[in-house]
2 protein chains.
Amino acid sequence: MATGRNHRPATRSRGIPEATVARLPLYLRALTALSERSVPTVSSEELAAAAGVNSAKLRKDFSYLGSYGTRGVGYDVEYLVYQISRELGLTQDWPVVIVGIGNLGAALANYGGFASRGFRVASLIDADPAMTGKPVAGIEVRHSDELERIVDDNGVSIGVIATPAGAAQQVCDRLVAAGVTSILNFAPTVLSVPEGVDVRKVDLSIELQILAFHEQRKAGELEGVDAEPPGADTGTPVAPPAVSVTRRDPGRADGKSGDTEAGPDGDFPAVMPA
Amino acid sequence: MATGRNHRPATRSRGIPEATVARLPLYLRALTALSERSVPTVSSEELAAAAGVNSAKLRKDFSYLGSYGTRGVGYDVEYLVYQISRELGLTQDWPVVIVGIGNLGAALANYGGFASRGFRVASLIDADPAMTGKPVAGIEVRHSDELERIVDDNGVSIGVIATPAGAAQQVCDRLVAAGVTSILNFAPTVLSVPEGVDVRKVDLSIELQILAFHEQRKAGELEGVDAEPPGADTGTPVAPPAVSVTRRDPGRADGKSGDTEAGPDGDFPAVMPA
DNA sequence: ATGCCTTTGTGAAAGCGTGCACAAAGATGG
DNA sequence: CCATCTTTGTGCACGCTTTCACAAAGGCAT
C-alpha cells in the first residue's frame, strides 16, 4: 500500500483521518468522470460503487469535510469536486521535480497530464552528465549539481525520487536540505528524513510479492500442494537449502542472480529490486 | 496506498494478517541486503530499523510465521530469507504478462531485475498493431488478439495492466476469462472482478494528491493562509467558482484542461489522470 | 398542506492494528 | 553448574477504521 512514514498520530491534520484522506483522490476521480458526463448529482450509493468503496464509509468520509449533501437527493457533483479539490490542496499549483531520469523517470516526465491536476513538472534532474541538456518530454534534463538552485528558484516543495536505490538517500538529503518537504519515493529503500518531512513510497516489487502470496494461497487451498502444515514445527532451525529453490524456469542460468543495486539491470531502479 | 479489493475478512489466509503480509517484502529486502553482506544473524531491533518499522511489530509479524528466532541471539538471516520467500511464494516461478506497452509498460519490461525474484515476464502485449513484433527489452511485443493463447500457453496467473483507463476493464475481463487470478492495475480505474480474483492498484496520482494534502496542511499551520475555518458552514451549497482556481502559474493557458482518457497526453495512462 | 419516500449524517459497536512491557528462553562467562 | 545478560515471543490495552442501523431532513406528489 505504499505507505509513508508513520511516526505521527496517524490522525493528525485537523480531524480528517488519514484513511479518509487516502480515499479522497478516489472520490475525486469518480466525481470528475461524472462531471465530464454532465451528471448534476449523485447519491452516496452510486458514487461509492464508482469509487469501489462502501457507501457508509463514503458518507462518513464526506462528513469529515462538512455537510455537502442534500438528503433525499444526494451530492452536487460540481460542488463536491470543488470541495475535495480544495481540501486536497489541488486548487493551487505544485511545482514538482523528478530526480533520476531513467526509464521510469522518463515515463513519468512524458506523462503530459502531469499538469492537469495542480502538479507541474518544474524540472527533470539526473546525475549522468550524458543526460544533461537532453530533452525529455520537452523539458531539458539538468544536472544534479543544480538541484539546490532549481528547488529554490521554483519554490519546489514536492520531489519525486526515481533514482537507483544507492543514490536515493543522498538525493533525499539534498532535496530536504534545499527545502523540499514532501517526497514520493520510487527507489526501493527506506528513506530517513527529519521530522516534518513526508515520504510516500511506491513499490511494484512489494505489490507483486503480495499478489504472489495470495496466488500461492489460492493454489494451495485447492490441493494440498507444497502446503506444509502450518503448525509443523521443524524443530531445530535447519539451514535452508539455498537462497532460492524450486525455480522451475530452466533457462536464465547466467550468473546474475544477486541483483546488487546499480547492477546491470537497466536503469529501472524503482521496481522489483526486492 | 494501492490497496486491492477488500471484500474479504482482511485476515483471511490462515491467520496471517494482511498488514503483516504487506510488510514481509520489506523485511525480505532488508534481509537480502544483510545476506549479501554475509551477516549471519540479526536482532529484531536492527532488522526493524533497516526495514523502517517498530521492532515489536516486526517480532509480532514473525510470530505469525512461526518461532524462527533464537532468544538472546536474534534471527538467522539465511533461514529467515528462506522462510519469508517461501511464505510469499517466491520460491516458485511466476510467469507474468504485461498488457499495454506504452511508456510505463516499456519501463516495466526494461527492468531486467524482473526475473530476479521469482517473476518472469512471459510476454508483452499491446493492442496497437504498430507495436506488434517490435522488440521491447528483448521481448517481442505481441498483439492483444493473442492474449488468451499467451495466458493459457504459459500458465500465467498474474497480469499487469498498464493500458489507458478506457481499456483496462476490458483487458481485465479477458485476462480473468483466460485464467489470470491476480492483477496489478496501473490504470486509474476501479476494476470489477469476480470473486476469487485479487486486484492491487498502483496509482501515482493518488500518492501525489495525498502528499499535496499534507503539504497544504503544513503550509497552513504556519500562517493562516487560505485556511478557511473548518467548521464554517457556507450555508446553502453555492456553486464553485470554477473547476480549478487559484493556480498561481501564469503560463500554460492552453485549452487542454480536462484530460479525458485516451487524450493527448502521451501514453502514460497509469499515472496522474485523477 | 400533508404524507410518503429517498437519502444523508452519525451514534454506537465490532474489528484490526499497533506498541508497551514483561516473562520465558537461551547464550555466555566464570 | 549457576548467575547474568540479551533478546525473543506475546498478553494486554489503546486508538483508529469500518460497518450497522436509524433518526432527521428534504423533496415530491397528491
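So that the names make sense, note that chain A is the first sequence line, chain B the second, and so on, each numbered from 1.
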Nearest-Å distance for atom pair [atom1]/[atom2], residues [X] and [N]:
X	N	atom1	atom2	result
A:D61	D:dT19	CG	C1'	12 Å
A:N54	D:dC20	CG	P	6 Å
B:L58	C:dC20	CG	P	14 Å
B:E46	D:dT6	CD	P	14 Å
B:K57	C:dC20	NZ	C1'	14 Å

Keeping to residues at least two apart or across chains, list the ring pair (Phe, Tyr, Trp, His ring centres under 6.0 Å) pairs with something in residues 33-56 of chain B.
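Checked against ring pair (Phe, Tyr, Trp, His ring centres under 6.0 Å) - neighbours excluded - no pair reaches residues 33-56 of chain B.
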Using the test ring pair (Phe, Tyr, Trp, His ring centres under 6.0 Å), find all partners of A:Y27 that sit at least two apart in sequence or belong to another chain.
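A:F62.
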Would you find a donor on one side and an acceptor on the other, under 3.5 Å apart, between the side chain of A:W94 and the backbone of A:G89?
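Yes, A:W94 side chain to A:G89 backbone: donor-acceptor pair under 3.5 Å.
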Sugar-phosphate atoms are those with a prime plus P, OP1 and OP2; base atoms are the rest. Using that split, label each nucleotide of nucleotides 1-11 of chain C B, S or - for protein heavy atoms under 4.0 Å, 5' to 3'.
-----BBBBBB
Residues forming a side-chain hydrogen bond (donor to acceptor under 3.5 Å, both in side chains) with A:Q170, sequence neighbours excluded
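For A:Q170 there are no side-chain hydrogen bond (donor to acceptor under 3.5 Å, both in side chains) partners, ignoring immediate neighbours.
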Once side-chain hydrogen bond (donor to acceptor under 3.5 Å, both in side chains) is applied, do any residues pair with A:T41, and if so which ones, sequence neighbours excluded?
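Once residues adjacent in sequence are excluded, A:T41 has no partner under the side-chain hydrogen bond (donor to acceptor under 3.5 Å, both in side chains) criterion.
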Listed by chain and number, what are the salt bridge (Lys or Arg N to Asp or Glu O under 4.0 Å) partners of B:R23, not counting sequence neighbours?
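For B:R23, the residues satisfying salt bridge (Lys or Arg N to Asp or Glu O under 4.0 Å) (neighbours in sequence not counted) are B:D61.
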